[in-house]
Amino acid sequence: MIFANKQAIAASNLRTERFTEICEFVKLVALKMLYDVVTRWDSAYKMLARALYLRKAIEHYTAEDEDLQMFALTKTEWDQAAVVCTILL
């Protein structure tokens, strides 16, 4: 689902700009979400680490847009992402 969030945010310039505004609102540095690239061994870790950093912004973004609510992660999914990220570290 993190990958789906990345695709949804990057789908248009308006969505990207809105995500940047939300990052500023929740007092995070507005960073782009990263893709998991098959040919790069550390890209899954980087993608998860970035998503965990941007968690507040992602949650806010998916909550305010009805079309994106299906991409919202549960607390359990966020916890699982954190565990996987720790394992990959």
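As the structure is a prediction and not an experimental result, all values here were calculated from the model.
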Inset, instruction - Rounded to the nearest 0.5 Å, what's the gap from CE on Met47 to CZ on Arg40? Could you check? - result: 14.5 Å
Inset, instruction - For Arg18 and Asp65, run side-chain contact (heavy atoms from CB on, under 4.5 Å): C-alpha distance rounded to whole Å, both residues' side-chain angles, the deciding distance at 0.1 Å, then the answer. - result: CA-CA 11 Å; Arg18 181 63 186 139; Asp65 190 332; over 6 Å; no
Inset, instruction - For side-chain contact (heavy atoms from CB on, under 4.5 Å), just list the numbers for Ser43 and Tyr35, CA-CA rounded to whole Å, side-chain angles, deciding distance to a tenth of an Å, and then say yes or no. - result: CA-CA 7 Å; Ser43 65; Tyr35 282 114; over 6 Å; no
Legend entry - Sidechain-backbone polar pair: Glu77 side chain, Thr74 backbone, donor-acceptor under 3.5 Å: yes
Legend entry - Leu54 versus Cys23, closest heavy-atom pair with distance: CD2-SG, 3.9 Å
Legend entry - Closest non-hydrogen atom pair between Phe19 and Leu31, with its separation: CE2-O, 3.9 Å
Legend entry - Value rounded to 0.5 Å, distance of CZ in Arg55 from NZ in Lys75: 6.5 Å
Inset, instruction - Say whether Ile58 and Leu14 are linked into one hydrophobic cluster, either directly or through other cluster members, by side-chain heavy-atom distances under 4.5 angstrom. - result: no
Legend entry - Closest non-hydrogen atom pair between Thr20 and Ala30, with its separation: CG2-CB, 3.6 Å
Inset, instruction - Look at the side-chain heavy atoms of Ile, Leu, Val, Met, Phe, Trp and Tyr, link any pair under 4.5 Å apart, and say whether Leu88 and Trp41 land in one connected group. - result: no
Legend entry - Carboxylate-amine/guanidinium proximity below 4.0 Å for Lys56 and Glu59: no
Legend entry - Closest non-hydrogen atom pair, Ala51 against Met33: CB-CE, 4.4 Å
Inset, instruction - Report whether Ile87 and Leu89 are members of the same hydrophobic cluster (ILVMFWY, side-chain heavy atoms less than 4.5 Å apart, transitive linking). - result: no
Inset, instruction - Take atom CZ of Phe25 as the centre, draw a 6.0 Å sphere, and report whether it contains more than 12 heavy atoms from other residues, nucleotides or ligands. - result: no
Inset, instruction - Report yes or no: does Tyr53 contribute a side-chain atom to a donor-acceptor pair with the main-chain N or O of Val29 at less than 3.5 Å? - result: yes
Inset, instruction - Calculate, to the nearest 0.5 Å, the distance between atoms CZ and CG belonging to Arg50 and Leu34 respectively. - result: 4.0 Å
Inset, instruction - Might you point out which heavy atoms bring Ala72 and Thr62 nearest each other, and give the distance in Å? - result: CB-OG1, 3.7 Å
Inset, instruction - Find out if a path of hydrophobic residues (ILVMFWY) with successive side-chain heavy-atom gaps under 4.5 Å connects Leu48 to Val83. - result: no
Inset, instruction - Check the surroundings of atom CD in Gln69: do more than 12 heavy atoms from other residues, nucleotides or ligands lie under 6.0 Å from it? - result: yes
Inset, instruction - Mind listing the closest non-hydrogen atom pair of Trp78 and Leu52 along with its distance? - result: CE3-CD2, 3.7 Å
